[in-house]
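Heads up, the thing below is written out as structure tokens.
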There are 2 protein chains.
Amino acid sequence: MAYETALAVLADPTRRQVFERLRSGPCPVHAIAEGLPVSRPAVSQHLKVLKDAGLVEERSEGARRIYSLRREGLAELRDWLDSFWDDALLAFKIEADRTYRHAKGRGDGDDE
Amino acid sequence: MAYETALAVLADPTRRQVFERLRSGPCPVHAIAEGLPVSRPAVSQHLKVLKDAGLVEERSEGARRIYSLRREGLAELRDWLDSFWDDALLAFKIEADRTYRHAKGRGDGDDE
DNA sequence: CCGTCTCGTAAGCCATCACTTACCGTAAGC
DNA sequence: GCTTACGGTAAGTGATGGCTTACGAGACGG
């Protein structure tokens, strides 16, 4: 359910740079913006999207907003990816000739 | 290198549906399009992008093009995701009070 | 040989979205 | 108090890209 969001959010190169910037630890907005080729408001917008997707979390420290990574936000995406390995392994052998059984008189080895 | 591509390619909902449709086994284009709310040419375009990203592979069978999944295409994305877990685990402890050593007694309960 | 089914490609349209500048609230420093 | 640093938000713009219809090319059956 959230893996789709994570996918969409991390698809943007700049936003991914913001995200990866936080790998080295919590960081205020202006510090993130300094290392990037975009303006600070742009970074703010990206951080909002990332926070909304549960990929980062924000904490106020005086006038500063400290952003940090939330690895939990990646969990569902990781699970989704994992599901391809076992799922494919299984469904492959089972569905191999079921999916297509009609109109397949040719009888060649279709799958691997 | 390719994980960025996979990320961008799988970010689109329709394209992801095309991709997931192939989980159950190899499939010709028209069969994929039938189960989707978009036209067949749209599916063709998505398949082109997916193939270009190494996420599916195509095989000609007469007039039909049979598309099938390439789980290998997901490997780099998976690795990238994995890298967050160990990387964060490590850098976190080290940088924890270095980056922002200013009096940060309160942890957010990350790990020990 | 011709009609049909297969599918990819071209051209065009339209929505999404990332980025910009401008502005406003808030917290610390003088 | 005023000024400066920090950062979120609004409005407007430009480009990316996903979708459509129309067309062309190849394979098969009559």
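None of these values were measured; they are calculated from a predicted model. Throughout, protein chains are lettered first and strands after them, A, B, ... in sequence-line order, and every chain is numbered starting at 1.
In the interface, the side chain of B:Gln45 is paired with the base of D:dT20 through a donor and an acceptor atom under 3.5 Å apart. Residue B:Arg40 places a side-chain atom within donor-acceptor reach of the base of C:dG8, judged by atom type and a 3.5 Å distance cut-off alone.
OP1 or OP2 of D:dG18 lies within a sub-4.0 Å distance of a side-chain N or O belonging to B:Arg15. OP1 or OP2 of D:dG8 lies within a sub-4.0 Å distance of a side-chain N or O belonging to A:Tyr67. Considering only side-chain N and O atoms, A:Arg65 lies nowhere under 4.0 angstrom from the phosphate OP1 or OP2 of D:dC6. For the OP1/OP2 pair of D:dC19 and a distance below 4.0 Å, the side-chain nitrogens and oxygens of B:Ser39 include no atom meeting the criterion. For the OP1/OP2 pair of D:dC19 and a distance below 4.0 Å, the side-chain nitrogens and oxygens of B:Thr14 include at least one atom meeting the criterion. OP1 or OP2 of C:dC19 lies within a sub-4.0 Å distance of a side-chain N or O belonging to A:His46.
Between the P atom of D:dA5 and the CD1 atom of A:Ile66 lies a distance of 18 Å, rounded to the nearest Å. In this structure, B:Glu58 places its CD atom 14 Å from C1' of C:dT9, rounding to the nearest Å. Between the CD atom of A:Glu61 and the C1' atom of D:dG7 there is a distance of 14 Å, given to the nearest Å. Rounded to an integer number of Å, the gap from A:Ile32 CD1 to D:dG7 P is 9 Å. Taking atom CD on B:Glu34 and atom C1' on C:dC7, their separation rounds to 14 Å, with Å as the unit. Residue B:Leu47 contributes atom CG, which lies 7 Å from atom P of C:dG8 at whole-angstrom precision. Rounded to whole Å, the distance from CG on B:Asp52 to C1' on D:dG17 is 15 Å.
With DNA chain C read from its 5' end, the first of the two nearest nucleotides for A:Pro37 and A:Ala63 is the one closest to A:Pro37.
The number of heavy atoms from other shown groups lying within 6.0 Å of CD (B:Glu72) does not exceed 12.
One finds no salt bridge joining B:Glu57 and B:Arg59 here, because no Lys/Arg side-chain nitrogen approaches an Asp/Glu carboxylate oxygen to under 4.0 Å.
Contact detail for B:Ala33 and B:Arg40: the closest heavy-atom pair is CB-CA, 3.8 Å. Nearest heavy-atom pair, B:Arg71 versus A:Trp85, reported as atom, atom and distance to 0.1 Å: O-CH2, 3.4 Å.
Note: B:Phe84 and A:Phe19 have tilted aromatic rings, judged against thresholds of 30 and 60 degrees for the angle between ring planes.
The side chain of B:Lys48 approaches C:dT9 more closely than any other nucleotide in the set D:dG7, C:dT9, D:dT20. For A:Ser44, whose side chain is taken as the heavy atoms from C-beta onward, the closest listed nucleotide among D:dT9, C:dT9, C:dT20 is D:dT9. Minimum atom distance to the side chain of B:Pro41 is reached by D:dT21, of the listed D:dT21, D:dG7, D:dG26. Listed candidates were D:dG7, C:dT6, D:dT9. Nearest to the side chain of A:Arg64 is D:dG7.
Using Watson-Crick or G-U wobble geometry with both donor-acceptor distances under 3.5 Å, C:dC30 finds its partner in D:dG1.
Taking 4.5 Å as the limit, every side-chain heavy atom of A:Leu77 sits out of range of all side-chain heavy atoms of B:Leu77.
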